[in-house]
Each structure stands twice: as C-alpha cells, then as structure tokens.
Undergrad: 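To start, I am sharing the structure in question, which I have written as structure tokens.
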Amino acid sequence: MSRKKTHERALLLDALACENFKRPPVWLMRQAGRYMPQYQAIRKQHSLLTCFNDPDLATEITLLPIDLLKVDAAILFSDILIIVKAFGLQLDFIEGKGPQIHPILVTRKQIDLLPSPDLNRLKHVASTIQQLKRELTVPLIGFAGGPFTVASYMMGGLSLVKKFAYTDPKAMHELLEKILQATISYLDMQVTAGCEVLQIFDSWAGLLPLQAFEEFCVHYLQKIVQTFKEKVPVVVFTRGSSLFANHLAAIAPNCISLDWQLPMKEVRSSISKKISLQGNLDPDILRSSIPKIREETRNLLALMHRDPGFIVNLGHGVLPDTPLENVQAFVETVKEFF
Ligand code: CP3
C-alpha cells in the first residue's frame with residue numbers, strides 16, 4: 001500500500017514549531033497496541049520482546065496505525081525500558097504482571113557497580129528506524145523514558161525509588177546521572193538513524209511532590225531538552241502534566257503532552273505561545289460510543305481552534321479494550337473538522 005501523503009508530512013512539525021495554520025495533526029500514544037486485532041494476531045506468533053527486538057516486526061507494527069488509522073505521525077514500536085539492556089540488566093515482560101527487571105537495584109553498591117552503558121545492545125532500534133524511514137512519509141517519533149521513571153522501574157517501583165531517593169539522595173543522583181548519559185546516547189542514536197521528533201515519557205515524575213520533582217526530575221529533563229532541541233523538537237509527557245504544566249514549561253521543551261485533568265484551553269492561558277501543547281482526550285472516552293467520541297473530540301477541537309501549536313492526542317495511551325472503529329472515528333473527526 002502506498003503511504004505517500006507528502007502534503008501532511010509537515011503538519012506535526014509545523015505544530016511543534018507553533019506555526020501550523022492548517023488542521024491540527026493527530027496521533028495517539030500507544031497507537032499500535034493490544035486494541036488492534038492485527039497487532040493481537042502478530043502477538044499470537046511472537047513474544048513482546050521479539051516484537052521489540054526484531055526490526056522487521058517492529059517496523060510492521062509501527063506501520064499498522066499509519067495504514068489503519070491514517071494518523072499524522074508514527075511512533076517507534078519499542079518500550080522505555082529497553083534501555084536497561086544497555087546496562088547489562090535483564091528485561092522481561094510477563095503476561096498480566098508488566099515489565100520485570102533483573103536484578104533490581106537495591107543498594108548504593110549496585111549503583112556504583114553498574115557498568116557503562118553499551119549502546120551496541122540497542123542497535124536493532126537503529127535498524128528499525130532506518131527501515132521505517134524507507135516506508136514512511138509522516139514524521140517518525142523516537143522516544144525514551146525520563147531518567148526518574150526509568151530509575152523507578154530499575155529499583156522495583158515508585159514506592160521503593162522514593163524511599164531510596166529520600167534516604168540517600170546522593171546515590172539517587174548518581175543513578176539518575178548514569179541513566180541520563182545512557183538516554184542521551186540512545187536518543188542520539190535514534191536521531192542519527194532518522195527520528196524527526198523525540199518524546200520523553202517521564203510518566204511517574206508528575207506524581208511526586210513538587211519539591212521532589214524539582215530535585216530528581218527537572219535537571220535531567222532539562223539536560224535532555226537542551227541537548228536535542230536545536231536538532232529536533234522535544235515533547236515532554238508526565239502523568240499529572242496538566243497540574244504541573246507551568247513547571248514543565250520552565251524546562252522549555254518544544255511541546256508539553258497534557259493528561260486529561262484540565263481543559264487544554266485553561267492550561268494554554270498560562271503557557272508561553274512558543275510551546276506547543278499535545279493532548280488531551282481522556283482515553284476512556286474512546287471506550288464509549290462513536291457519537292460521544294465525535295462530540296468530545298469536536299469540543300476539544302473547538303476549544304483549541306486555530307491554536308498553531310495544538311497537536312491532537314489522548315491524555316495517556318489507548319486502553320487495551322478500545323474498539324478499533326472508535327479510534328478511527330476519533331482520527332476522522334479531527335480530519336473533518338477544519
Ligand atoms: O506509543 C507507542 O505505541 C509506542 C510504544 C510504547 C510502548 N510503551 C509499547 C509497549 C511506548 C511509548 C511505551 C512507553 C512506556 N512503557 C511507558 C511510558 C508511558 C506510560 O504509559 O506511562 C511506561 C511506563 C512503560 C513501561 C511498560 N511497558 C509497562 C508498565 C508495560 C505493561 C503495561 C502496559 O501498559 O501494557 C509495558 C508493556 C508495553 N509497552 C507493551 C507495549 C506495546 C505491551 C502491551 C502488549 O502486551 O502488547
């Protein structure tokens with residue numbers, strides 16, 4: 001199937017520059033996923049890790065939403081936790097239990113002994129990107145986790161990472177610095193291979209008290225943004241991003257990806273017009289009826305009408321039991337509106 005749609009290529013990049021005067025671009029976090037029968041069929045044959053590691057499969061899955069939904073951007077099919085392999089840690093995804101990292105980091109000594117990251121272990125990601133670039137005419141979004149969120153998985157969860165950070169902040173910063181350096185190298189590899197946009201998923205950061213967010217997240221996000229902003233636009237996402245939007249804006253990313261908690265217009269009124277805003281339909285809306293989806297999507301579009309920095313997305317990823325037709329109705333509504 002031809003994916004040639006060159007006139008739409010610039011929509012996302014224009015919106016990220018806050019210079020889009022056409023209809024807003026639309027894509028969805030977790031747009032290639034379990035809600036798609038086509039994805040489920042692939043997963044019946046291959047484990048999740050095989051899908052992430054095999055460039056042919058990762059390419060095929062990344063392209064599913066381009067063909068089935070006609071979205072304006074592709075996001076690399078991978079996971080924020082793949083990076084732990086660069087430190088020689090083992091990563092598994094266990095059905096029903098989510099990601100498991102082995103060994104979990106518990107002591108300061110383990111942090112000290114963590115080897116320098118070996119990016120060769122992630123080379124398959126560069127191969128996937130190169131393969132995708134030959135097929136795609138919409139921009140390709142690369143991504144990584146925010147250092148704090150990756151650290152929380154490496155340490156066995158949010159509660160454990162908070163306990164460690166409050167007890168031994170110095171060791172916490174040592175770990176975050178190591179993850180930061182690996183993340184910068186990994187994102188650099190993605191940009192060199194052809195990603196035109198980067199999104200940082202610091203999912204857990206927004207759940208910290210503001211002071212801890214300032215202490216354990218801001219510096220690291222800022223370093224990532226500063227390193228890449230001149231080369232490619234950088235989007236920052238956290239859960240709780242509507243409430244933390246002003247603090248995220250201080251990091252000066254090109255775009256903030258907002259959760260669904262506040263109306264976007266309300267957030268827009270306090271954020272610089274130079275920062276693009278992405279979001280923020282509640283993913284649960286996509287599990288309701290098609291008329292309701294159309295109504296809520298039109299409300300969002302009306303609210304943000306003619307905002308040159310607006311990118312239509314959800315407040316978080318598509319939920320597993322969302323009917324494909326509902327997601328298609330969401331994308332169609334955006335494309336018809338302008
Ligand atoms: O947006 C996309 O479609 C790109 C691919 C992508 C995945 N994970 C694929 C995935 C992205 C951007 C992520 C990000 C991610 N991964 C985050 C940050 C965003 C967020 O949701 O807050 C986090 C915290 C993770 C870690 C992770 N990976 C968890 C907690 C789980 C298990 C629960 C879940 O959400 O499914 C995963 C597994 C995972 N990541 C799957 C996929 C497609 C598995 C689903 C399946 O079984 O097919």
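Atoms considered below: every heavy atom in the structure, side chains included; atoms not considered: hydrogens, waters and symmetry mates. Just so you know, ligand 1 is whichever comes first in the structure, and atom 1 is the first atom listed for that ligand.
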Undergrad: Among all the protein's non-hydrogen atoms, which is closest to atom 26 (C) of ligand 1, and how far away is it?
TA: Asp79 OD2, 3.6 Å
Undergrad: Could you go step by step and tell me if Gln199 and Ser257 meet the side-chain contact (heavy atoms from CB on, under 4.5 Å) rule?
TA: CA-CA 9 Å; Gln199 178 151 333; Ser257 193; 4.0 Å; yes
Undergrad: Write out the residue and atom name of the closest protein heavy atom to atom 44 (C) of ligand 1, then the distance separating them to 0.1 Å.
TA: Leu48 CD2, 3.3 Å
Undergrad: Where is the nearest protein heavy atom to atom 11 (C) of ligand 1: which residue, which atom, and how far?
TA: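 Residue, atom and distance for the closest contact: Phe143 CZ, 3.7 Å.
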Undergrad: At a 4.0 Å threshold, what atoms of ligand 1 neighbour a non-hydrogen atom of Phe93?
TA: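 Ligand 1 atoms under the 4.0 Å threshold to Phe93: 28 (N), 37 (C), 38 (C).
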Undergrad: Between ligand 1 and Arg30, is the shortest N or O to N or O distance under 3.5 Å?
TA: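 N/O-N/O distance under 3.5 Å: yes.
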Undergrad: Under a heavy-atom criterion of less than 4.0 Å, does Val318 contact ligand 1?
TA: no
Undergrad: Does any N or O of ligand 1 fall below 3.5 Å from an N or O anywhere on Glu95, backbone included?
TA: no
Undergrad: Going by heavy-atom distance to atom 45 (C) of ligand 1, choose the closest among Arg34, Arg239, Met29.
TA: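 Heavy atom nearest to atom 45 (C) of ligand 1 belongs to Arg34.
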Undergrad: Check if His316 has a non-hydrogen atom at a distance under 4.0 Å from any atom of ligand 1.
TA: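 Under 4.0 Å: yes for His316.
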Undergrad: If you measure from the Lys or Arg side-chain nitrogens to the Asp or Glu carboxylate oxygens, is any gap between Arg43 and Glu95 under 4.0 Å?
TA: yes
Undergrad: Can you check side chain to side chain donor-acceptor pair (under 3.5 Å) on Asp202 and Thr149, steps first, answer last?
TA: CA-CA 5 Å; Asp202 209 353; Thr149 297; 2.5 Å; yes
Undergrad: Hey, are Thr333 and Arg294 close enough side-chain-wise for a donor-acceptor pair under 3.5 Å?
TA: yes
Undergrad: Which residue supplies the protein heavy atom nearest to atom 47 (O) of ligand 1, what is that atom called, and how far is it?
TA: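 For atom 47 (O) of ligand 1, the nearest protein heavy atom is Arg43 NH1, 2.9 Å.
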Undergrad: Using a 4.0 Å cut-off to any heavy atom of Gln31, which atoms of ligand 1 qualify?
TA: 3 (O)
Undergrad: Can you tell me if Ser288 uses its side chain to pair, donor with acceptor, with the backbone of Asp284 under 3.5 Å?
TA: no
Undergrad: When you measure from the side chain of Asn326 to the backbone N and O of Leu286, does any donor-acceptor pair fall under 3.5 Å?
TA: yes
Undergrad: Please check if the number of heavy atoms outside Lys163 that lie under 6.0 Å from its NZ is greater than 12.
TA: no
Undergrad: Which residue and atom name correspond to the protein heavy atom nearest atom 4 (C) of ligand 1, and how close is it?
TA: Leu76 O, 3.5 Å
Undergrad: Check ligand 1 against Phe77 and write out every atom of the ligand that is under 4.0 Å from a heavy-atom position of the residue.
TA: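 That gives atoms 43 (C) of ligand 1.
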Undergrad: Evaluate the criterion salt bridge (Lys or Arg N to Asp or Glu O under 4.0 Å) for residue pair Arg23 and Asp72; output intermediate values, then yes/no.
TA: CA-CA 11 Å; Arg23 72 160 172 86; Asp72 298 309; 2.9 Å; yes
Undergrad: Taking the inter-plane angle between the rings of Trp204 and Tyr153 on a 0 to 90° scale, is it parallel (under 30°), tilted (30 to 60°) or perpendicular (over 60°)?
TA: tilted
Undergrad: Under 4.0 Å from atom 33 (C) of ligand 1, is there at least one protein heavy atom?
TA: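 False for atom 33 (C) of ligand 1.
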Undergrad: What protein heavy atom sits nearest atom 25 (C) of ligand 1, and how far off is it?
TA: Ile80 CG1, 3.6 Å
Undergrad: At a 4.0 Å threshold, what atoms of ligand 1 neighbour a non-hydrogen atom of Phe201?
TA: 12 (C), 18 (C), 19 (C)
Undergrad: Take every heavy atom of Tyr153, measure it against each atom of ligand 1, and state whether any distance is under 4.0 Å.
TA: yes
Undergrad: If you measure every N or O of Tyr39 against every N or O of ligand 1, does any of those distances drop under 3.5 Å?
TA: yes
Undergrad: Just heavy atoms, cut-off under 4.0 Å: does Trp27 contact ligand 1 by side chain, backbone, both, or neither?
TA: neither
Undergrad: Which residue pairs pass the ring pair (Phe, Tyr, Trp, His ring centres under 6.0 Å) test when at least one of the two sits in residues 43-67, sequence neighbours left out?
TA: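 Sorted pair list: Phe52-Phe77, Phe52-Phe93.
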Undergrad: Let me see the working for Arg298 and Glu336 under salt bridge (Lys or Arg N to Asp or Glu O under 4.0 Å), right down to the final yes or no.
TA: CA-CA 10 Å; Arg298 282 196 206 105; Glu336 286 159 11; 5.0 Å; no
Undergrad: Please identify each residue that fulfils ring-ring contact (aromatic ring centres under 6.0 Å, His included) with Tyr186, with sequence neighbours left out.
TA: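 Tyr186 satisfies ring-ring contact (aromatic ring centres under 6.0 Å, His included) with no residue once adjacent residues are dropped.
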Undergrad: Hey, mind stepping through Phe216 and His173 against ring pair (Phe, Tyr, Trp, His ring centres under 6.0 Å) and telling me if it holds?
TA: CA-CA 7 Å; Phe216 297 111; His173 281 293; 5.2 Å; yes
Undergrad: Minimum distance, heavy atoms only, to atom 19 (C) of ligand 1: which one of Ser152, Gly145, Ser203, Gly98 is it?
TA: Ser203
Undergrad: Considering only heavy atoms, which of Pro99, Pro65, Ser78 lies nearest to atom 31 (C) of ligand 1?
TA: Pro99
